[in-house]
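Because the structure is a prediction, the values reported are computed rather than measured. Letters A, B, ... are given to chains in the order of the sequence lines, protein chains preceding strands, and every chain is numbered from 1.
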Protein chains: 2
Amino acid sequence: MLTNKTKAQTKAGKTYQLILDAAAKLFSKQGYHGTSLKEIASNVGMQAGSLYYHFESKEVLMQEVLDKSIQLIYSTVQSEVAKLDKQAGFAELLTAAIHGHLIAILSYSDYTLASIRNYGQIPAAVHKASQFARDDYEQFWRGFIQQAERTGAIREGVDGHLLRLSVFGAMNWASVWFDSKENNAADVEKIAKFQANIFLNGCLPEGEKYGI
Amino acid sequence: MLTNKTKAQTKAGKTYQLILDAAAKLFSKQGYHGTSLKEIASNVGMQAGSLYYHFESKEVLMQEVLDKSIQLIYSTVQSEVAKLDKQAGFAELLTAAIHGHLIAILSYSDYTLASIRNYGQIPAAVHKASQFARDDYEQFWRGFIQQAERTGAIREGVDGHLLRLSVFGAMNWASVWFDSKENNAADVEKIAKFQANIFLNGCLPEGEKYGI
DNA sequence: GTCTATAAGGCGATAGAC
DNA sequence: GTCTATCGCCTTATAGAC
């Protein structure tokens with residue numbers, strides 16, 4: 001892994017980060033195919049050809065954006081979960097995980113939206129580079145939800161698989177409608193608390209149940 | 001509206017529909033900018049230039065796909081809601097609406113995924129053409145959720161705005177992970193019942209509440 | 001209605017000067 | 001490290017034959 005380490009040090013360069021940020025911003029707004037290298041270069045005050053000193057191709061540039069996206073999300077979630085007591089139950093865990101995921105995708109929306117919007121419409125080889133990191137993150141969610149199913153922390157008959165996918169949908173969709181210019185960190189907190197509350201307790205008045 | 005009527009009759013042509021279907025399929029998988037007219041034409045056994053007999057531009061082709069997408073969704077939802085009793089309450093209405101929306105987006109996923117994936121990364125003029133239809137559909141959801149807030153069918157403190165956006169996220173995200181080759185209509189029914197159940201009752205065991 | 005041919009321009013990527 | 005210049009290819013769209 002010496003190659004990766006060397007690469008990582010090189011990539012810490014200032015210009016490299018500026019290019020990556022500009023690419024993420026444009027990919028998120030116009031899509032991978034809708035963004036030209038000329039446009040990215042222009043955003044950092046360069047000519048298109050000069051980018052090739054920092055990146056070997058447009059595809060690799062996208063790979064880096066996808067990779068950084070998942071790294072940002074998972075590390076933020078882990079940091080939120082680490083704040084919990086060791087004996088924290090399922091409800092606390094779910095709330096912290098939702099909070100972390102939303103903080104990440106709404107704070108670094110250039111990266112996460114670039115990932116969400118373009119995933120599935122780029123060459124398979126491009127998003128395969130970040131597949132392991134994605135699998136790791138998914139496994140974290142699978143893990144604590146499966147445990148909740150086993151211990152009865154989740155109501156009988158609730159499919160943990162569909163629960164995870166529904167929570168992901170509600171969260172990720174927020175990156176589509178959330179406007180970081182109009183909203184702030186307090187709004188992110190509000191959305192996180194709302195979603196945890198809804199998925200745990202539902203929206204019906206206390207004591208009422210429907211269809212179970 | 002004579003122009004539109006004439007246009008609509010012309011558009012009922014068989015070739016027109018084949019082109020529209022091929023465009024939706026490719027736009028959904030590769031994105032608007034990642035799909036060429038040559039590729040669309042090839043899918044219906046034509047040369048790229050020949051498409052211009054049926055469509056005046058690639059942008060108009062996309063507009064038609066977006067428009068058909070929202071029409072399919074709203075009409076399916078209305079049809080599901082129409083099956084309900086007139087005195088049906090909020091829970092029945094939400095369940096029927098979720099069911100209709102999921103049937104539509106998972107059955108016609110070429111159209112709806114083309115819409116979801118490309119919305120926001122295409123020229124503003126393109127999706128403005130279907131904005132009125134989208135607003136109508138959104139207003140339908142706003143309407144019955146606001147009424148539920150007023151009548152107390154929704155628990156005190158639950159923000160109807162965030163509820164609607166969360167339900168939309170969970171549903172629309174399903175079009176990303178649902179595989180219509182591996183799954184069937186019974187699975188769509190299962191997902192719809194699950195999501196209605198979760199948003200109404202939550203996932204905690206009966207009688208348990210967290211954080212309220 | 002569909003074809004072929006082509007116009008006019010943008011694309012990713014490379015080479016060599018500085 | 002960044003520039004200019006350029007290659008070869010692909011794109012949307014049009015014109016005219018059939």
Side-chain angles (χ1 to χ4, degrees), chain A residues 6-27 29-66 114 118 121-127 129, chain B residues 6-27 29-66 114 118 121-127 129:
Chain A
T6 313
K7 240 180 162 184
Q9 285 170 344
T10 306
K11 285 176 185 172
K14 203 180 169 187
T15 310
Y16 175 96
Q17 293 300 329
L18 284 175
I19 295 170
L20 206 60
D21 286 351
K25 192 171 92 184
L26 291 167
F27 286 157
K29 285 182 183 157
Q30 308 171 339
Y32 175 74
H33 295 289
T35 304
S36 69
L37 293 177
K38 193 180 171 186
E39 222 172 344
I40 296 172
S42 162
N43 260 253
V44 292
M46 269 186 173
Q47 298 299 314
S50 309
L51 293 177
Y52 284 84
Y53 177 82
H54 301 276
F55 293 93
E56 65 183 64
S57 73
K58 187 185 180 186
E59 292 201 352
V60 169
L61 190 47
M62 186 67 190
Q63 277 176 22
E64 300 290 341
V65 171
L66 293 182
N118 293 293
Q121 60 182 254
I122 47 177
V126 175
H127 54 71
Chain B
T6 314
K7 239 182 164 182
Q9 286 170 343
T10 307
K11 285 178 186 171
K14 203 180 169 185
T15 309
Y16 176 96
Q17 293 300 328
L18 285 174
I19 296 170
L20 205 60
D21 286 351
K25 193 171 90 183
L26 292 167
F27 286 157
K29 286 180 182 157
Q30 309 172 339
Y32 176 75
H33 295 288
T35 303
S36 68
L37 293 177
K38 194 181 173 186
E39 222 173 345
I40 295 171
S42 163
N43 259 252
V44 292
M46 270 185 171
Q47 298 299 315
S50 309
L51 292 177
Y52 286 84
Y53 177 82
H54 302 276
F55 293 92
E56 64 184 63
S57 72
K58 188 185 179 185
E59 292 201 351
V60 169
L61 190 47
M62 185 67 190
Q63 277 177 20
E64 299 290 340
V65 171
L66 293 181
N118 293 293
Q121 60 181 256
I122 46 177
V126 175
H127 54 70

Undergrad: Relative to each other, are the rings of A:Y16 and A:F55 parallel, tilted or perpendicular (30° and 60° limits)?
TA: parallel
Undergrad: Between the protein and nucleotides 14-18 of chain C, list the N/O to N/O atom pairs that are separated by less than 3.5 angstrom.
TA:
none

Undergrad: Between atom CG of A:L18 and atom NE2 of A:H54, what is the distance when rounded to the nearest 0.5 Å?
TA: 9.5 Å
Undergrad: Working to the nearest 0.5 angstrom, can you tell me the gap between B:L20 CG and B:M62 CE?
TA: 10.5 Å
Undergrad: For nucleotides 6-11 of chain C, which of its nitrogen or oxygen atoms have a protein nitrogen or oxygen under 3.5 Å away, and what is each distance?
TA:
from	atom 1	to	atom 2	distance (Å)
C:dC11	OP1	A:S36	OG	3.4

Undergrad: From CG of B:L51 over to P of C:dT4, roughly how many Å is that when rounded to an integer?
TA: 14 Å
Undergrad: Atom CE of B:M62 to atom C1' of D:dA13: distance rounded to whole Å?
TA: 19 Å
Undergrad: How many angstroms lie between atom CD of A:E59 and atom NE2 of A:H127, to the nearest 0.5 angstrom?
TA: 10.5 Å
Undergrad: Compare all side-chain heavy atoms of B:L66 with those of B:I122 and state whether any distance is below 4.5 angstrom.
TA: yes
Undergrad: What nucleotide among D:dC3, D:dT2, C:dC3 has an atom nearest to a side-chain atom of A:H54?
TA: D:dT2
Undergrad: Rounded off to whole Å, could you give me the CZ-to-P distance for the A:F55 and D:dG1 pair?
TA: 13 Å
Undergrad: Between D:dT2 atom C1' and A:L18 atom CG, what is the distance in whole Å?
TA: 15 Å
Undergrad: Mind listing the side-chain donor-acceptor pairs of residues 33-48 of chain A below 3.5 Å, one per line with the distance, residues two or more places apart or on another chain?
TA:
from	atom 1	to	atom 2	distance (Å)
A:H33	NE2	A:Q121	O	3.3
A:T35	OG1	A:L26	O	3.2
A:T35	OG1	A:Q30	OE1	3.4
A:T35	OG1	A:G31	O	2.8
A:S36	OG	A:E39	N	3.2
A:E39	OE2	A:Q30	NE2	3.1
A:N43	ND2	A:E39	O	3.3

Undergrad: May I have the distance from B:H33 (atom NE2) to D:dT12 (atom P), rounded to whole angstrom?
TA: 11 Å
Undergrad: If you draw the axis of the six-membered ring of A:Y32, does the NZ or CZ of A:K58 fall within 45° of it and under 6.0 Å from the ring centre?
TA: yes
Undergrad: With rounding to the nearest 0.5 angstrom, report the OG to CG distance, A:S57 to A:L51.
TA: 11.5 Å
Undergrad: Below 4.0 angstrom from OP1 or OP2 of D:dT2, is there any side-chain N or O of A:Y53?
TA: no
